[in-house]
Every structure is written in structure tokens, then in C-alpha cells.
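A short write-up of the structure that comes next.
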Amino acid sequence: MTKRWRNLPTHIALWVIFIILLFPIWIMLATSLQTYEGIFNWPPEWFPANPQWGNFSEVWGGDYQFSQPFFNSLIIASSTAIITIVLAFPAAYGISRFSFFGRNSMLFIVLVTQMFSPIVLIVGLYQLAQNYNLLNSLFGVIITNCALTLPMAVWLLHGYLKSVPETLEQAAAIDGCSRIRGVIKIVMPLSASGIAMAGIYAFIMAWNDLLIPLIFISDSHLRPISLALTDFAGQNIVYWQLMMAASVISTFPIAVMFSFVQKYFIRGFMSGAIKE
């Protein structure tokens, strides 16, 4: 028996798992292209004979005006990712490169913060936002999301930076390179996959967050996409075709982002670097 035939059961099992994982996505796409009446047809239409592309335009620019929440979420998630990386990278670098009292305890405390649900902290966060006039503003949501994503980003980046040999920085210092320049020219390119991972983590957490905007935002013009998705569920009826169309739109940025940064995950962390 050849190696190809020996691996056939594994390939079949992987294809089955792949199809099962994609099945909910296909249901979402198929439902977004149907009429309200067509959703309840039996047997169901897996491939709509008359796709209702107008559902997307109705969601985006019709009565729901989904474009405004979409761009609000884009601002919140992008700002959260950028601020998280800007703050987390120096912190992770300092912990991984410098020896000081309580370094291990600091890492443990950073990890412990992820054990608490935002629901437990929401009262204190709300009081802080109220004291600093951050309620009903995108900036308040961004800062709060950064506070929730920063600990895990520090932990992730610390692990990546530990894999970058310090000898590379020492060799650059011998050639007259300052520490800051060495970090920019050597450490950051070699830890690009870790930076991408931390940024994606912060972006997704902020994009999907519902609790913080629900508590902080009362102005309808400032609502993110997570709040806008609740508009499609009325008191007595749920417009599934429009909700699924809005869900497709909401997942689009995540899919595009992964398509651009996936190269950082498949190549090695130390690609092109010397080995110790």
C-alpha cells in the first residue's frame, strides 16, 4: 500500500471536519440571499434560485443604515489594535530583556487579569468612564477595550520576544547601533508574526465586543456593529435574511485582514536570522 492510500482516511476525516466547520458559514450566505418567506420553505434552498442581492443594499444604505455602525466598529477595532500594540510591545520587550525585582510576578499578574470577566469589572469601568467624561464616546470604548486586551497582548509578545536571540542586538550594538534602533531594525521585523497576532487578537476582541458599547454608548450615531445587529430582531419577528446579510458584512473585515497577515503565521519566527 502506497503512502497516499495509507493517508486516505486522514484526508477524508479532515475534509469532513472542514465541511462541518464551513456549514454554518454557508447557511449564513444562503440565508442572506433569500426572501423572508423563502427562509421557511421545506425542503430548504441550499442554493437560492433567485438570489436577493438587494438584501445587502437594504441593510447597508436602507432603513437600517448599517454603514455608520460598520465604520464606527472599524474605528474602534483599528484604534484598539494600534494602541494595544504600541503599549504592549515596549512592556513585553522590557519584561523579556531586563532583569528586575518582581518580573515573574508581573507576568503572573498580567495573566491573572484574564481570569476576570468584563461583566465583573463593568461597574468599576463605568464609574471610571463617568468620572473622566468618557461615556457616549468612541474614545471611551477604545480606551476600555485597550485595558481589556493589553494584558494578553503583553503575554503573547513576551513569548515571541523571548525567541529573538539577544546576540543579534549585541552584535548591532558593537557596530554602533543604539538600542532603540536595534529594536526597530532587528527585533520588530523578527517578531512581526507576534505583533500581527497581538494586533489581530485586539482587533477581533474590539470588533466583537457588545458589553462595553451597550453600557457606554447611548447615541445611535455612535453605535458599533455589534449593537446594530440587534436591530433586526423585532418584538414579534426576526428578519433573518437581513440579519444574515448584516452578519456577512460584519465578517468581511476579519476575513480580509486574515488574508493579508496569514503569511506571518506560516513562516518561522526566526526566518533569516542566525542560530545561536
Side-chain angles (χ1 to χ4, degrees), residues 14 18 21 73-115 142-209 251-276:
L14 290 175
F18 179 71
L21 293 176
S73 285
L74 198 61
I75 293 172
I76 292 172
S78 300
S79 301
T80 300
I82 293 173
I83 295 174
T84 298
I85 292 174
V86 170
L87 297 179
F89 186 86
Y93 180 83
I95 295 175
S96 63
R97 288 294 188 267
F98 302 112
S99 298
F100 53 89
F101 177 77
R103 182 177 67 171
N104 294 331
S105 299
M106 181 179 296
L107 283 174
F108 178 74
I109 293 173
V110 166
L111 187 62
V112 166
T113 57
Q114 299 302 300
M115 299 173 60
I142 292 170
I143 294 300
T144 306
N145 281 324
C146 289
L148 298 176
T149 59
L150 191 58
M152 181 56 69
V154 172
W155 183 270
L156 291 172
L157 287 173
H158 171 264
Y160 279 88
L161 291 174
K162 289 290 289 184
S163 65
V164 179
E166 293 187 44
T167 53
L168 297 176
E169 296 180 78
Q170 295 171 358
I174 294 175
D175 292 336
C177 185
S178 64
R179 179 178 288 273
I180 295 178
R181 188 176 180 183
V183 170
I184 297 175
K185 296 292 185 179
I186 299 174
V187 179
M188 292 184 69
L190 292 177
S191 57
S193 55
I195 295 174
M197 176 69 78
I200 289 174
Y201 166 78
F203 187 96
I204 294 177
M205 291 294 292
W207 184 270
N208 294 332
D209 181 56
T251 57
F252 181 75
I254 304 296
V256 171
M257 182 176 57
F258 268 106
S259 67
F260 280 105
V261 301
Q262 63 179 344
K263 60 182 179 180
Y264 293 108
F265 301 111
I266 60 177
R267 70 186 186 184
F269 301 156
M270 302 301 299
S271 177
I274 62 174
K275 292 184 178 180
E276 288 188 302

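Just so you know, these numbers use all the heavy atoms, side chains as well, and skip hydrogens, waters and symmetry mates. Keep in mind it's a predicted model, so treat the numbers as computed, not measured.
Residues passing the side chain to side chain donor-acceptor pair (under 3.5 Å) test with T80: none are found, sequence neighbours excluded. For R97, the side chain to side chain contact (heavy atoms under 4.5 Å, CB included) criterion is met by Y93, V164, E166, E169, not counting sequence neighbours.
Note that the CD1 atom of I75 and the CD1 atom of I142 stand 7.5 Å from one another [nearest 0.5 Å]. Taking NZ of K185 as the reference point, atom CG of L168 lies at 15.5 Å (rounded to 0.5 Å). Rounding to the nearest 0.5 Å places SG of C146 at 11.0 Å from CD1 of I76. Note that the CG atom of L157 and the CG atom of L150 stand 9.5 Å from one another [nearest 0.5 Å]. Note that the CH2 atom of W207 and the OG atom of S78 stand 8.0 Å from one another [nearest 0.5 Å]. The CG atom of L156 lies 12.0 Å from the CD1 atom of I195; values are rounded to the nearest 0.5 Å.
Around atom CZ of F18, no more than 12 heavy atoms belonging to other residues, nucleotides or ligands sit under 6.0 Å away. Shown here is I180, whose CD1 atom has no more than 12 heavy atoms of other residues, nucleotides or ligands within 6.0 Å.
The shortest heavy-atom contact between P90 and I85 is CD-O, 4.2 Å. Of all heavy-atom pairs between P165 and S163, the closest is CD-O, 3.4 Å. Closest non-hydrogen pair, A202 versus A81, comes out as CB-CA, 3.8 Å.
Contact annotation: the side chain of L148 never approaches that of D209 to less than 4.5 Å [non-hydrogen atoms, C-beta and beyond]. Side-chain contact between V154 and F89 is absent, with no heavy atoms from C-beta onward closer than 4.5 Å.
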task = Start with the C-alpha gap between Q170 and T167, add the side-chain angles, then the distance that decides, and say whether side-chain contact (heavy atoms from CB on, under 4.5 Å) holds.
result = CA-CA 5 Å; Q170 295 171 358; T167 53; 4.1 Å; yes
